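This one's a predicted model, so the numbers in the text were calculated from it and none came from an experiment.
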Amino acid sequence: MSVFSKVYRLVQNIPKGKVVTYGQIARLTGTNPRVVGYALHRNPDPKNIPCHRVVDKNGRLALNYAFGGWREQKRKLLSEGVKFKTGMGVDLNLCLFIPRRQRG
DNA sequence: CTCTTGACCATGT
DNA sequence: AACATGGCCAAGA
């Protein structure tokens with residue numbers, strides 16, 4: 001089981017209307033945030049892996065979102081009901097999803 | 001194995 | 001706030 005596969009599996013668990021940070025995924029998969037970003041860049045199945053629900057630690061979107069840029073990522077999030085605090089940043093207080101493993 | 005590429009994060013100036 | 005730097009580590013050529 002590769003690290004990438006673990007990342008993809010976690011991303012699939014993110015419910016609609018919620019987001020998760022790169023750092024969270026990194027901790028759960030035992031790697032670092034860069035690798036998470038790299039894995040998402042190489043997302044093999046964007047239809048089943050909602051990689052648009054991943055944001056950085058400040059809730060900001062990825063400039064290099066691989067499927068249309070951050071504008072497209074924002075459109076998808078808005079259509080799911082995610083609230084934005086700034087032009088590029090979501091409101092983590094409302095939309096941050098905390099996976100089971102991390103809740104402890 | 002070496003080298004490059006990265007959708008990050010923390011810190012310093 | 002903007003910019004630069006170092007650390008972290010997986011995958012592909």
Can you list the residues that meet the side chain to side chain contact (heavy atoms under 4.5 Å, CB included) rule with Arg9(A), with sequence neighbours excluded?
-> Met1(A)

Under 3.5 Å, sequence neighbours excluded: what are the donor-acceptor pairs made by side chains of residues 29-43 of chain A?
{"unit_1": "Thr29(A)", "atom_1": "OG1", "unit_2": "Ile25(A)", "atom_2": "O", "d": "2.8"}
{"unit_1": "Thr29(A)", "atom_1": "OG1", "unit_2": "Ala26(A)", "atom_2": "O", "d": "3.2"}
{"unit_1": "Asn43(A)", "atom_1": "OD1", "unit_2": "Asp45(A)", "atom_2": "N", "d": "2.9"}
{"unit_1": "Asn43(A)", "atom_1": "ND2", "unit_2": "Ile49(A)", "atom_2": "O", "d": "3.3"}

Within a strict 4.5 Å, meaning less than it, do heavy atoms of the Val19(A) and Phe97(A) side chains meet?
-> no

Would you classify Ser2(A) as touching base, sugar-phosphate or nothing, given that sugar-phosphate means primed atoms plus P, OP1 and OP2, and contacts are heavy atoms under 4.0 Å?
-> sugar-phosphate

Side chain to side chain contact (heavy atoms under 4.5 Å, CB included) against Asn13(A), all qualifying residues, sequence neighbours excluded | Leu10(A)

Check DNA chain B against residues 7-19 of chain A and give the residues with a non-hydrogen atom under 4.0 Å, in numerical order.
-> none

Pairs touching residues 56-70 of chain A that satisfy salt bridge (charged side-chain N to carboxylate O under 4.0 Å, His left out), sequence neighbours left out | Asp56(A)-Arg60(A)

Excluding sequence neighbours, so at least two apart, what forms side chain to side chain donor-acceptor pair (under 3.5 Å) with Arg75(A)?
-> Glu72(A)

For Ser5(A), all residues meeting side chain to side chain donor-acceptor pair (under 3.5 Å), sequence neighbours excluded | Ser2(A)

Can you pull the contact range of chain A along DNA chain C, 5' to 3', using atoms under 4.0 angstrom from its heavy atoms?
-> dG7(C) to dG12(C)

Each residue besides Tyr65(A) in its hydrophobic cluster should be listed here, by chain and number; the cluster joins Ile, Leu, Val, Met, Phe, Trp and Tyr at side-chain heavy-atom distances under 4.5 Å.
-> Phe67(A)

Taking the side chain as every heavy atom from C-beta outward, state whether Phe84(A) and Leu78(A) have any pair of such atoms under 4.5 Å apart.
-> yes

Sugar-phosphate atoms are those with a prime plus P, OP1 and OP2; base atoms are the rest. Using that split, label each nucleotide of nucleotides 3-8 of chain B B, S or - for protein heavy atoms under 4.0 Å, 5' to 3'.
-> --BBBB

Pairs meeting criterion side-chain hydrogen bond (donor to acceptor under 3.5 Å, both in side chains) with involvement of residues 77-86 of chain A, two or more places apart | His52(A)-Glu80(A), Arg53(A)-Glu80(A)

